[in-house]
Each structure stands twice: as structure tokens, then as C-alpha cells.
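Sharing a structure here in C-alpha cells format.
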Amino acid sequence: MSLSPTQSSSSVAPLDSASSHVPSLTSTPPTAFSSDNISVASETSKIELTPAPEVQASINPPCEGGNDATATGTATATVTVAVAAAVAVAAAAPEPPSSVAGRARRSCVGTPPTYNLGRLSGISSHKKRRVTGDPPTDRKKRNVSDASLLPVADPYEFIAETDQSATEEANLVASSTASARRQQRSAKKPETPVSRSRNSSTASSPRTTRASARLRGDVSTPGIVAKAVTLGKRSRRAFEQGLSSLSRELRRLQDTDEYAHVDTQPVIHTTWANGKLVTPEEAEKAPAKKKAKTEASCSSWSKDSEPNGKDVKKKDEGSQKGEDGLEVHTRKGRRTKHWLDKGLYAGQETPSDPSQGLTPAEKKKMAQMPDLKPSGRINKALPLPIFNGMRLLIQGRDFKLPFDVGNPLPPGQPKPEHWTRISKNRFVGESSLFWKKNQHSWATESKCVCKPEDRCGDDCQNRIMLYECDDKNCNVGKELCTNRAFADLQERKAAGGKYRVGVEVIKTSDRGYGVRANRCFEPNQIIMEYTGEIITEEECENRMNTKYKNNDCYYLMSFDQNMIIDATNGSIARFVNHSCKPNCKMVKWIVGCQPRMALFAGDQPIMTGDELTYDYNFDPFSAKNVQTCLCGEENCRGVLGPKPKEKDSKAKAAKAAKDAGKIKGKATGKVSGKTNGKAKTQPVAVKAVKEVVKGVVKAGKRKLEELVGDRNNGDDGSASKKRKTSTPAKTRKKATATAAKATATSKTSNPTPNKTTGTVVKRKYSGTSAKVSKMAAKGAATVKRSVSTVTVRVNSKTAPIGRKTTSSKVTTVRMSSSGRVLKASNKKRESVEQSTMSSHNPAMTIVAAASNDDNTRPANKAASNGTPQRSKKTSGTPKSSITKSPRKALELPRSRSRVRMVSPEEQPTITARVE
Ligand SMILES: C[S@@+](CC[C@H](N)C(=O)[O-])C[C@H]1O[C@@H](n2cnc3c(N)ncnc32)[C@H](O)[C@@H]1O
């Protein structure tokens, strides 16, 4: 019977599925198999494949079936292995001659031959060798080159093996074969014409018995088996070390030279440069001309890079020390550019003549650039890229450094939740109506009189008044005008790119989110706008009592017209944290007749990576709202609010106020001038609240008198003391001087000229301020505003000393606390510079939190019990204790009072809270 590959694959289909059980040519045949289906299937195949009818003949009774149960255990395994071996050999062997004994299927006649299946599969020898104590390693070796796997000249020779010693074994096999055969019959495999003819030829051909090739030692081997044998010989050691443990890939490599450690080619160590393979021979073959050019350029650079202009061409061979102490490595006349080794610009000196190599036009242009004029200073900063930098500068083009100096945060940063960005102020609710109705002073045009050469610098009228220049109010033009911060910001944002925008939100370790710069900012440069929803005070209170009741952080900032910017959904500026030594400031400007708030760099430049902060000037009206400051600065006040020292003074003030309150009828109680709300931070017994309130009111009245010009602040030591509360020394000094010169009356329409400077700083108060002033003047403690903050700021910029004055139109508006215009007047004044300190002054209030402190607010009790919240309030006089957790502090219930973070501006801030 011949076995073509087709036939093999079809008839041995089940065997294929059990390929893992089929020993490979190089692996050890299994010694034990369970009689699972796969094995049974293997038997079935074997029956088909086995061309010896004698096998079946020996089965007793072969056709009628026998005891199926006998086809188990070792016998089954033996059959399986034998079949596998037969398949392997058959597959590798050439077509057998037609004379090979074969017979038709189901033919059960004839003398049963005996097969030493154990031998055929190599198992019998295992058994024997094991018995004799052969080491297992030998077994592996034998198995690889086992004769049972060796191809034979006639693959069917082995079936004629008549080894009597295997008779019993064969009988067992036969019984199992019978069982398998029955299975095969049930499978009813259709007989192909080829197999039919083979079967018939087999049946008719005489049976031959030939000695096994294994026994004969005939190993003349073609085909795959020969290859395997060759491999085995060559890599015997590897096989012995454990072939089965090798990965398939390694096994595939076994016939390669590399695997066998056979070097057929010399190994050449290669060098790659600029993406090309460089061999030593090629390097030597470099054209002489190019070499000379390279050397020339090197030497010219060497000359440039030598501070004294020394030519380092002489230092050509060997390793020498440069003047900077750096090792200068030389190789065959080449000077290694050691800045390549030591960093991008290491070793590079500023060229002695920067214009060298420039075209005449470029030189001319360069001469016009003041920044490029030789300063004589040694540039120790990072120089521009070699060659290119100068040209790019002249062309006015940006250049890109080859590395990322911006150092933006890597992706995957924690993102703030519950925040929608709003890049433009949005009116919500009634705020829009109020806004339109209550046109304030900023609606009045301001006009600067700068000349182009002034470029709207520090003396620009608009700048001083915190009005942004535009085409309507400035003649200088946008090319030269430097007072167009918001327009610049707009352009920057429109151009896009995170480096232009320059800020990114970070997660701080202890203060929630924050903002850091990912670019540098010049001093006073605009950074970003503070935008959000503009809401009325009523809406704000409503939100705080409902939506934001359980919030840890508030993003509410007093804006204008007694309105509030709620940046809960707003710009990134809402994430900027407080610092007692801030690098930024929040300033309100009038842009196109509308107030807008923005974060500006402070007086120092801001570097990439710096966290942006401004001074909240947080003024907690209740101890429960006092938050511990974690800014970590040396001068940290410890709380987001006034310094504890100041609080002490406030305590004194409160005490004095108390005393003053006790002395009835005495209007000049010894109340410190620092009445800007700090008295409220002192604990006051409930019983004494009334007196304290009176004292505070009187103090407030006194303060207001000072402010409106009834007293000369400049002469009064207490005035500067007041400003000390929130103003750095430098600004304070200026402001004090300015304030001394600035005399205003409660009716701000009557500015008093200052003889020293010829300038009157005109202060206007917001509606609340005006009302407070009025009330306080009456000595009333019945101001209906729940919280009234009188904020008067004197900006050094707004009141420059000795500055030339121009005629200007002054609009004075007095407004009620609800925003109604009480009185408005327009006056033109000559030779008096007016600085409007009304609603568009940079003062601001961030409504940060609120709490209901019944102890300190007896008047609020009714309100907390459900009465309207715009009822009277006593001044908050909270406990001086500091709540340890700022966030917990904010979690406390609140209803009436508010914590206000007052303007971060470094300007005198006087905040009085009047009931
Ligand atoms: C306007 S938010 C600033 C952004 C806030 N960090 C966040 O995560 O959204 C103000 C709140 O930030 C926290 N905060 C800001 N600066 C702080 C500081 N220096 N120390 C402690 N907490 C600070 C306080 O909880 C404050 O109420």
C-alpha cells in the first residue's frame, strides 16, 4: 500500500488534530498516553495506514470485534506512537513499490504477522534500557537519531519485522486496533479510487517479510529526516543540553552558522555618521579640498571662539587644554567643537564683530536696532543659535531653540472638575439690566494726549486712569502705543499656541489647583483676563446659600456696579492662588468703555515654570472664614487675610472702639485709623456688640472724614498708619505722599487743587461708599447694605506727583447702594489732573466665603431665621482663632456675612465695614 501525502492527510485527519501527541522527528516519543479520543483516533489512523493485513488477522476475532476494553493503557499508547512514526517515515519516504504487501480494508483473512511495535516506536528499547539503568540523557540522544525515525530504503520494510519477542505486545495492539477499526467503520469513510486501487493491489501482491532497517542499520537517508540527522550531528551538544527547552525560533536557527558559532566572515566594526556608513578607508579617502575647507572653517571658529582672538590652529595634535580649562580634543588636525560635547553653547563666545558676514542692507538694519548695538557688556545669557540668531533677529523672525525651554506639563495632568471655561464676561440674570441702566463714570471717554514719541508711557493720561488706549481715545496708533494690554492679549490668544497664552493649570500639593507660567512675562505684562458670569449681589448671595453652600473654594470677585464676577465657570485666572509675596496683580481696566479685570505680572519678570499668584488681600469678616495661608513665603502672614499683627492692632482698635462706645456722646473715640474691617476679627462679647458697633461706626466716620478731606491725611500720622495695613513700604510711601496731596471731599465733584503738585486726585466712591459716607456722617448704624465696603485706593500711577496736567472732563457720579445714580455731574477742570477713583479703580473684592456667626452678628439672627437677608447687620467681630483647615472653614454654614478678598493691588486699601 502506498501512502500519498493526500491520503495521509485525509485518512489521518484526526491525527492531525492531535498533532501535539505525535512525536516530532527530534523529540522524545511519549512513553505514556491516556486512552483519550485522540489516541483512539490515532489508532484508527494506524489501521488505515498499516498495510499489514496480518495485524488484523491476528486479532481474535478481528472482524467481529473483540473486547474493546482491552484497547487501553500502554497498548493504546504504543499504537499511537507507532502510527506517528509510520506517518513520519511515510511522509518522508518515496512512493513505495506497488508490490508492497497490502490488502483491502476489512479483509481479515491471512496469517497474522507479528510486529514489534515497541521497537518500531523505540519504546521497547526504552523499557529495556531503563531496566538496565541507562541514563535519561542517553535516551534523548538515542531518540533523536533513533533508528525508528530513520528513513529506510523501503518504508514498508519494517512492517515485515518478525520479532517474536514482540508477539504479545502485538496481540495487545491488535485488540486495540480492532476496536479502533470498529470506530472507523462507523465513521464510514468513503473510499477513494486511489485507495481502492491501492487496496486491491495490496491484496493481490504477495506478502514479504523483510528485516527492519533499524536493525540492519541502513541509514542512507534522503529528505527531511536526513536533514534532521545532519542537524543532530552538528548540534549534538545543543541537543544534549535540552533541545525540547529551545524555542521554536532557536530551533529554526540551529542550522545557521551563527548558531553553531562558525565564523565564515571577518567581523567589521562599522561607524555611522550622518546616516551614512563610514569605514576607516572612506574616511581616509576624503577629498583633500573638503578637508582643507573644514580645517579652515574650524580654525576660523577657533579664532572666534578664543576670547583673545588667538588662533588655536597651532593646537592641532593631541589633547590640549583650552583657555576655559576644557579639554580640547584634536584628531588629525581637526579641532573638536567642544561645545558639542559640553552643551549647545559651551565654549562659544560672543563674536567680536556681530555684523561680520552680514549684507550691507542687513548691517544697515542692524544699526537701526538699538537692542543690537554693542553694549560693551559681556553677554552671559544664553546666546542665540550660532550664525542664525543674528540674521533672524534682523529679519524680525522668531527662532526656535532646538530644545523645549517651555517645559510644559507632560500630558495626563489632573483636570479640574466641574469647570467650564468662559473667556468673555457673561451677564446673567438681572445684571445686564443693571449694567446698562447704571452707566458709570467709565462710560465717559478718556482721551490721552500723548505724542508718538511718548508711546503712551507712564505719563499717558489713559494709563494713569486705567483706561486702555484704542483708536478712539489715543492718537499714537497701535504700532507705537504701549497702553493696549487687552488688545495685545487678544492678539496673543488669537495667534494661539500654549506658549503664547503662557499659562497652564497645575495641581498643587496643598492648595488645590493653581496656575503656572509656561513662558516668561515681562514686568507688568498682561497675563490673562479674569472672566466669568457677572451677577448681581442678590444672585451672588442666592448662589452662596444654595449652589455653593458646600463648596470649599469660591471664585467670586467683586467687579463693578456692585456686581460680582462669578468665575466658578470662568477663565483660568480663577485658579490663581494667593501669596503673601505675589508675582502678579489683579487690576481692573476700562477697555472700550467697559470694565475688565485681568491678571498682570508684578514689578518683577516672571520666569517659565513660576506659579502665578496674587495677593487676595483676603479680608475675612468671620473667624470661621479665616483660612490658613500656605504660600510658604518668608513674609507669609499666616492667613489669607491681614497680618495677625494687624489683627492685634485691630483688636486694639476694637477695644478702643468699645471704650469709645462706652463714652457716649464722645465722637472722637480712640479708635485706631486701621478700621478697615480688622476690628471685626476680634472676639466681642455679645453684650458689648452694640457699643463696639458704635465705636466702629464712629471710627469709620472719622476715617471717612479724613478721606473726604475734612482732615489732612498727609499731616496726620494715623493716615499713613492706616495704609500700612495693606501696603508695602515703597508703595505706601508713595501713596501716602499722594494721598496727602489728594484731598477729596465727600462730594467728590469738588476736588481741591494740591498746591505742591498742582494735581488733585479725585476720588469717587462707589454707590455703597457714597451711601456709607452719608450714613456714617449721620452717625447712623443702620446702613441697609448687608456688607458695605468702603474702599479707597490711591494708585501711585493715578496720582503722579508734579506731573503736567491737562484739561479733562470729570464725571462724578454718586450712586445708591442698589446702584441707582443719585447724582451725576460733569465738570471740566483746567490744570488739574484727575484721577478717578470710582468704580473702575483697581480695587476689587473677591467674595470668598460667608458664614453665619450669630455671636458676632446679633443683628443677623433674624435674618438667619428666615428674614430677608438684606436687613441690618452688625459688624462682624469674629474670634481671633484661625481655623486650621481652610477648606473646613469654608464648609461651615453661612448665610449672611461674606469674606471678601480685597484687591491685590499694592495700593493703600482702607476697608471699613459699616452696619
Ligand atoms: C480662587 S480659589 C484658587 C484656586 C483653588 N486653589 C482651586 O483649587 O480651585 C481660592 C481658594 O484657593 C485656596 N488657596 C489659594 N491660595 C492659598 C494659599 N496661599 N494658602 C492656602 N489656600 C489657598 C483657598 O482654599 C482659597 O479659598
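Indexing begins at 1, ligand by ligand and atom by atom, following the structure's order.
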* Look at atom 3 (C) of ligand 1 and find which of Trp419, Tyr616, Tyr530 reaches it with the closest heavy atom. => Tyr616

* Before accepting this row, confirm whether a basic side-chain N of the pair Glu634/Lys581 lies closer than 4.0 Å to the acidic partner's carboxylate O. => no

* What atoms in ligand 1 come closer than 4.0 Å to a heavy atom of Asn577? ->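 Counting from 1, the qualifying ligand atoms are 3 (C), 4 (C), 5 (C), 6 (N), 12 (O), 14 (N), 15 (C), 16 (N).
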
* To do: Salt-bridge test for Asp560 and Lys588: reply yes if a basic N is under 4.0 Å from a carboxylate O, no otherwise.
  =>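 Yes, Asp560 and Lys588 are salt-bridged.
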
* Structure fact -> Candidates Glu633, His578, Met557, Gln627; heavy atom nearest atom 24 (C) of ligand 1 found on Gln627

* **ligand 1 N/O within reach of Ser579 N/O, cut-off under 3.5 Å** =>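 No; the residue has no nitrogen or oxygen that sits under 3.5 Å from a nitrogen or oxygen of the ligand.
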
* Using non-hydrogen atoms of the residue, decide whether Gly514 is closer than 4.0 angstrom to ligand 1. =>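 Flag not set, Gly514 not near ligand 1.
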
* State plainly whether the residues Asp610 and Arg516 are in salt-bridge range, i.e. N to O under 4.0 Å. => no

* For the pair Arg426 and Asp566, find out whether any cationic side-chain nitrogen is under 4.0 Å from an anionic carboxylate oxygen. =>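 Between Asp566 and Arg426 there is no salt bridge, as every charged N stays at least 4.0 Å from the carboxylate O atoms.
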
* Indicate yes or no: does an N/O atom of Cys629 lie under 3.5 Å from an N/O atom of ligand 1? =>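 No, there is no polar N/O contact under 3.5 Å.
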
* Asked: Got a donor-acceptor contact below 3.5 angstrom from the Asn583 side chain to the Glu611 backbone?
  ->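 Checked: pair present.
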
* Taking only heavy atoms of Gly512 into account, list the atoms of ligand 1 that are under 4.0 Å away from them. => 8 (O)

* Structure fact -> ligand 1 to Tyr513, heavy atom cutoff 4.0 Å, flagged ligand atoms 4 (C), 5 (C), 6 (N), 7 (C), 8 (O)

* Asked: For ligand 1, which atoms have a heavy atom of Val576 less than 4.0 angstrom away?
  -> 3 (C)

* At under 4.0 Å between heavy atoms, which part of Thr628 makes contact with ligand 1: side chain, backbone, both or neither? -> backbone

* **Considering all heavy atoms, the nearest Met465-Ser446 contact** => CG-OG, 4.5 Å

* Is a donor on one side and an acceptor on the other found under 3.5 Å between the side chain of Glu533 and the backbone of Ile565? ->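 The answer is no, because no donor-acceptor pair under 3.5 Å joins these two groups.
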
* Distance only, no hydrogens: is a donor on one side chain within 3.5 Å (strictly under) of an acceptor on the other, for Ser571 and Tyr530? ->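 The criterion, which ignores hydrogens and geometry beyond distance, is not satisfied for Tyr530 and Ser571.
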
* Quick check: does Arg574 get an N/O under 3.5 Å from an N/O on ligand 1? ->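 N/O-N/O distance below 3.5 Å does not exist for this pair.
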
* Say whether, by atom type as modelled, one donor and one acceptor occur between the side chain of Ser579 and the main chain of Thr613 under 3.5 angstrom. => no

* To do: Consider ligand 1: state whether an atom of it lies below 4.0 angstrom from any non-hydrogen atom of Asp510.
  =>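 It does not; every heavy atom stays at 4.0 Å or beyond.
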
* Structure fact -> Counting heavy atoms under 4.0 Å, the part of Tyr554 that contacts ligand 1 is backbone

